[in-house]
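Shown next, in structure tokens, is the structure this report addresses.
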Amino acid sequence: MENSKKIDVKNIHDVDFEIIWEDKPAGLFQQILTKFNLNFTTYQITQDELIIIKGFFRRKLNSCELYLLKDPDLIENIYQRALGISTVRVLVDSKSASERAGKYIYIKNIRNGEKVRKLLRDAIEADVMERKITYFDKV
């Protein structure tokens with residue numbers, strides 16, 4: 001019989017959920033909404049997931065396991081460069097069973113886009129190493 005580790009969570013605060021990075025979109029319109037606490041989009045990177053939370057009346061949380069992601073790219077148009085923001089685009093592995101396989105996830109209009117891209121790349125690599133996934137497993 002397999003010796004499995006049982007998790008006994010009696011309190012929601014006992015769950016390990018370390019957020020590595022969190023921010024809201026910072027486009028011109030989003031900055032105005034944020035000042036009035038009306039910007040209801042939040043991006044989070046944890047040790048295991050990329051999470052996008054949207055909505056006010058109907059809140060929707062989309063998450064994707066980091067080990068399914070690859071090749072984070074930085075995109076900046078002229079409007080974004082003028083505001084000092086950018087978009088990070090990351091590909092969902094086409095070999096995964098996810099309905100998003102082969103599609104891109106966008107983290108739009110964020111500050112410090114290059115740092116976020118590197119942080120996401122390092123978090124993806126750490127999650128893949130922790131799960132002991134090799135390149136050949138992903139092919």
Side-chain angles (χ1 to χ4, degrees):
M1 194 163 161
E2 215 175 286
N3 185 10
S4 62
K5 184 178 179 183
K6 184 177 179 183
I7 299 174
D8 184 23
V9 179
K10 294 181 179 154
N11 187 344
I12 192 68
H13 302 291
D14 293 341
V15 178
D16 183 24
F17 188 71
E18 182 183 338
I19 297 172
I20 299 170
W21 172 83
E22 181 177 33
D23 205 358
K24 293 184 171 291
L28 190 58
F29 183 64
Q30 288 100 0
Q31 288 179 15
I32 294 168
L33 290 176
T34 300
K35 287 195 189 294
F36 294 107
N37 292 324
L38 296 172
N39 189 348
F40 301 111
T41 300
T42 303
Y43 301 116
Q44 297 176 341
I45 299 173
T46 69
Q47 293 173 330
D48 303 319
E49 297 176 302
L50 170 62
I51 301 169
I52 301 173
I53 305 167
K54 292 183 178 183
F56 175 70
F57 292 111
R58 183 174 171 218
R59 190 170 174 193
K60 186 175 181 182
L61 184 143
N62 286 321
S63 67
C64 189
E65 296 286 334
L66 290 180
Y67 74 92
L68 295 175
L69 303 176
K70 63 183 196 177
D71 301 333
D73 297 321
L74 187 73
I75 301 169
E76 293 177 331
N77 59 34
I78 196 160
Y79 157 78
Q80 289 174 319
R81 284 192 305 244
L83 292 176
I85 58 176
S86 52
T87 296
V88 174
R89 178 181 74 176
V90 62
L91 179 64
V92 179
D93 192 359
S94 61
K95 305 294 183 189
S96 71
S98 170
E99 69 273 357
R100 290 185 242 151
K103 296 181 181 174
Y104 288 101
I105 296 175
Y106 293 89
I107 305 172
K108 298 178 182 178
N109 295 330
I110 56 168
R111 294 176 210 89
N112 302 314
E114 182 59 32
K115 289 180 182 180
V116 173
R117 186 195 71 78
K118 288 179 182 178
L119 182 120
L120 181 59
R121 184 196 64 204
D122 293 345
I124 291 169
E125 185 177 333
D127 194 39
V128 167
M129 297 300 285
E130 179 182 323
R131 293 173 189 266
K132 298 181 176 132
I133 298 172
T134 64
Y135 175 74
F136 297 110
D137 292 337
K138 292 184 105 178
V139 174

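Values below: every heavy atom of this structure, side chains too, minus hydrogens, waters and symmetry copies. Computed from a prediction, not measured in an experiment: that's the story for all the values here.
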Quick check against the 3.5 Å criterion: does [X] have a side-chain atom that pairs as donor or acceptor with the backbone of [Y]?
X   : Y    : result
Q31 : A26  : yes
Y43 : K108 : yes
Y67 : E130 : no
K24 : T34  : no

Would you say that [X] contacts [Y] through its side chain, given a criterion of any heavy-atom pair below 4.5 Å between the two side chains?
X    : Y   : answer
I107 : L50 : yes
I51  : N62 : no
T41  : N39 : yes
L61  : I53 : yes

Work out which heavy atom in [X] is nearest to a heavy atom in [Y]; give both atom names and the distance.
X   : Y    : result
L69 : I124 : O-CG2, 3.4 Å
I20 : A123 : CD1-CB, 4.5 Å
Q30 : P25  : CB-O, 3.3 Å
N77 : Q80  : OD1-N, 2.7 Å

Please check if any side-chain donor atom of D127 sits under 3.5 Å from a side-chain acceptor atom of Q47, or the reverse.
->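 The answer is no; no qualifying pair exists.
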Between S86 and E114, is any side-chain donor less than 3.5 angstrom from a side-chain acceptor?
->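 Side-chain D/A pair, S86 to E114: absent.
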Do you reckon [X] sits in the same ILVMFWY cluster as [Y], going by side-chain contacts under 4.5 Å, direct or chained?
X    : Y    : result
I105 : W21  : yes
L120 : M129 : no
L74  : V116 : yes
I85  : I78  : no
F56  : I52  : no

Roughly how far apart are [X] [atom1] and [Y] [atom2], rounded to 0.5 Å?
X   : Y    : atom1 : atom2 : result
D23 : Q44  : CG    : CD    : 11.0 Å
E22 : T46  : CD    : OG1   : 11.0 Å
L66 : R131 : CG    : CZ    : 8.0 Å
T87 : Y104 : OG1   : OH    : 14.0 Å

Take atom CD in E125; do more than 12 heavy atoms of anything else shown fall under 6.0 Å from it?
->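 No, CD of E125 has 12 or fewer neighbouring heavy atoms, counting only those of other groups under 6.0 Å.
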